[in-house]
Colleague: 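Quick one: structure below, then a few questions.
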Amino acid sequence: MFAAEDVNGIFITMHVADEQVLFLLLTADGTVNRMGTGSEDNTEKQLFIDQPSSEMFEALKSRIQPETTEWEGGYADPEPQGKTCCLTVGFMNGDGEESVCKFQYGSESQGPPPDLCQLVISAIEITEPWYQEQKQLTSEG
C-alpha cells in the first residue's frame, strides 16, 4: 500500500460468473489496455492496446481517494446474492511494487466499497471515447 502520488499504474479486472467482463490497464507512460465494458452482460472480448498519451492515466490518478490505496488483500461476501462477481483493483509504483485488492461478492449484493466502485466507473468513463474509437478503427479495417 502506498500513497496515490506514488502510483504509476492502475489495473482493473472484473469477472461475472467466471466470465471476464473488463480488463483495464493505464500507466504513467500513456499505455492503455482495455477489454470489455464491465457490464454483467458484456460480450466484447477484443483487447485494445495503445500508447496515446498519459492524459487518461493522469485523469484517473487524480480521482484516487486517499482511502482507495489502503485496500489491500482479499475480501469476500459470506452470503453473496446473485451471480458471483470478482473485482480486482491494483496499483503499481515506480519501483514495480504492486498493491492489489480483490473483492468477491454477488451481483445482487452490496459490492465493494464506494471509493473503489467510483474508481472503476471513472476508469471506464475516461477510456470510453478511446475504446469506442479503437472499436471503430477495427471494424473499418
Side-chain angles (χ1 to χ4, degrees), residues 1-94 96-141:
M1 140 173 78
F2 34 86
E5 60 267 12
D6 297 330
V7 172
N8 76 352
I10 303 164
F11 62 91
I12 300 166
T13 63
M14 176 81 177
H15 291 78
V16 176
D18 295 324
E19 289 289 323
Q20 188 166 12
V21 298
L22 180 68
F23 173 76
L24 219 156
L25 169 70
L26 293 168
T27 62
D29 70 1
T31 299
V32 179
N33 294 296
R34 181 168 163 189
M35 183 280 301
T37 63
S39 69
E40 186 176 326
D41 58 352
N42 174 72
T43 58
E44 299 177 17
K45 300 295 182 186
Q46 187 168 2
L47 175 64
F48 297 101
I49 302 171
D50 198 4
Q51 194 172 11
S53 77
S54 62
E55 289 178 18
M56 286 185 273
F57 170 77
E58 293 299 331
L60 185 58
K61 181 178 174 177
S62 73
R63 297 189 186 177
I64 297 173
Q65 300 298 312
E67 64 272 18
T68 305
T69 58
E70 293 176 10
W71 292 104
E72 192 169 47
Y75 305 87
D77 184 337
E79 296 181 27
Q81 304 293 311
K83 295 178 184 176
T84 301
C85 300
C86 185
L87 173 66
T88 303
V89 178
F91 303 98
M92 297 168 282
N93 71 10
E97 295 176 42
E98 294 182 357
S99 175
V100 179
C101 59
K102 186 175 186 176
F103 287 85
Q104 187 168 329
Y105 58 98
S107 60
E108 304 297 322
S109 300
Q110 182 176 346
D115 58 303
L116 280 175
C117 292
Q118 189 54 55
L119 188 69
V120 172
I121 291 166
S122 293
I124 292 169
E125 289 173 348
I126 288 167
T127 59
E128 189 65 17
W130 171 85
Y131 185 62
Q132 293 301 323
E133 181 181 331
Q134 299 305 304
K135 291 193 308 185
Q136 183 67 33
L137 290 171
T138 302
S139 68
E140 290 173 0

Colleague: For Gly36 versus Asn42, what's the shortest heavy-atom pair and its separation?
Modeller: CA-OD1, 3.4 Å
Colleague: Using 0.5 Å steps for rounding, measure from the CD atom of Glu58 to the CD1 atom of Ile126.
Modeller: 10.5 Å
Colleague: So, the side chain of Thr27 versus the backbone of Gly9: is there a donor-acceptor pair under 3.5 Å, distance only?
Modeller: no
Colleague: Taking Gln51 for its side chain and Asp29 for its backbone only, find out whether a donor-acceptor pair lies under 3.5 Å.
Modeller: yes
Colleague: Closer than 3.5 angstrom, by distance alone: can the side chain of Tyr131 be matched with the main-chain N or O of Phe48 as a donor-acceptor pair?
Modeller: no
Colleague: Could you walk me through whether Trp71 and Val89 pass side-chain contact (heavy atoms from CB on, under 4.5 Å), step by step?
Modeller: CA-CA 9 Å; Trp71 292 104; Val89 178; over 6 Å; no
Colleague: Can you check side-chain contact (heavy atoms from CB on, under 4.5 Å) on Asp18 and Thr84, steps first, answer last?
Modeller: CA-CA 8 Å; Asp18 295 324; Thr84 301; 5.9 Å; no
Colleague: Are any of the side-chain heavy atoms of Glu40 and Val21 separated by less than 4.5 Å?
Modeller: no
Colleague: If we only count heavy atoms from C-beta on, is the Gln134 to Ile49 side-chain gap below 4.5 Å?
Modeller: no
Colleague: Working to the nearest 0.5 angstrom, can you tell me the gap between Ile12 CD1 and Arg34 CZ?
Modeller: 10.0 Å
Colleague: Minimum heavy-atom separation for Leu116 and Phe103, please, with both atom names.
Modeller: CD1-CE1, 3.2 Å
Colleague: Using a 3.5 Å distance criterion without hydrogens, assess whether the side chain of Lys45 forms a donor-acceptor pair with backbone atoms of Met35.
Modeller: no
Colleague: Is Glu5 atom CD crowded by more than 12 heavy atoms from other residues, nucleotides or ligands, each under 6.0 Å away?
Modeller: yes
Colleague: So which atom in Gly106 and which in Pro80 form the shortest heavy-atom distance, rounded to 0.1 Å?
Modeller: N-CB, 3.5 Å
Colleague: Between Ser54 and Ala28, which heavy-atom pair has the shortest distance, and what is it?
Modeller: CB-O, 3.2 Å
Colleague: What distance separates Glu125 CD from Leu60 CG, expressed to the nearest 0.5 Å?
Modeller: 10.5 Å
Colleague: Taking CD in Gln110 as the centre, count heavy atoms belonging to other residues, nucleotides or ligands within less than 6.0 Å. Is the count above 12?
Modeller: no
Colleague: Has the side chain of Arg63 got a donor or acceptor atom that lies under 3.5 Å from a matching backbone atom of Gln65?
Modeller: no
Colleague: Please report the interatomic distance CG(Asp115) to OG(Ser122), rounded to the nearest 0.5 Å.
Modeller: 11.0 Å
Colleague: Specify the closest pair of heavy atoms between Val16 and Cys85, including all atoms of both residues, with the distance to one decimal.
Modeller: CG2-SG, 4.1 Å
Colleague: Donor-acceptor check, side chain of Gln81 to backbone of Glu79, threshold 3.5 angstrom: yes or no?
Modeller: yes
Colleague: Side chains of Thr37 and Glu44: do they bring a donor and an acceptor to under 3.5 Å?
Modeller: no
Colleague: Looking only at non-hydrogen atoms, find the nearest pair between Gly38 and Met14 and report the distance.
Modeller: O-CG, 4.5 Å
Colleague: Decide side-chain contact (heavy atoms from CB on, under 4.5 Å) for Tyr105 and Leu87; before the verdict, give the C-alpha distance in whole Å, the side-chain angles of both, and the deciding distance to 0.1 Å.
Modeller: CA-CA 9 Å; Tyr105 58 98; Leu87 173 66; 4.2 Å; yes
Colleague: Side-chain contact test, heavy atoms from C-beta onward, threshold under 4.5 Å: evaluate it for Asp6 versus Phe91 and give yes or no.
Modeller: no
Colleague: Between Gln132 and Glu128, is there a side-chain donor-acceptor contact under 3.5 Å, judged purely by atom types and distance?
Modeller: yes
Colleague: Nearest 0.5 angstrom please: Thr127 OG1 to Leu25 CG, how far?
Modeller: 11.0 Å
Colleague: Side chains of Val100 and Thr88: closer than 4.5 Å at any heavy-atom pair?
Modeller: yes
Colleague: Does the side chain of Phe57 reach to within under 4.5 Å of the side chain of Thr31, using non-hydrogen atoms?
Modeller: no
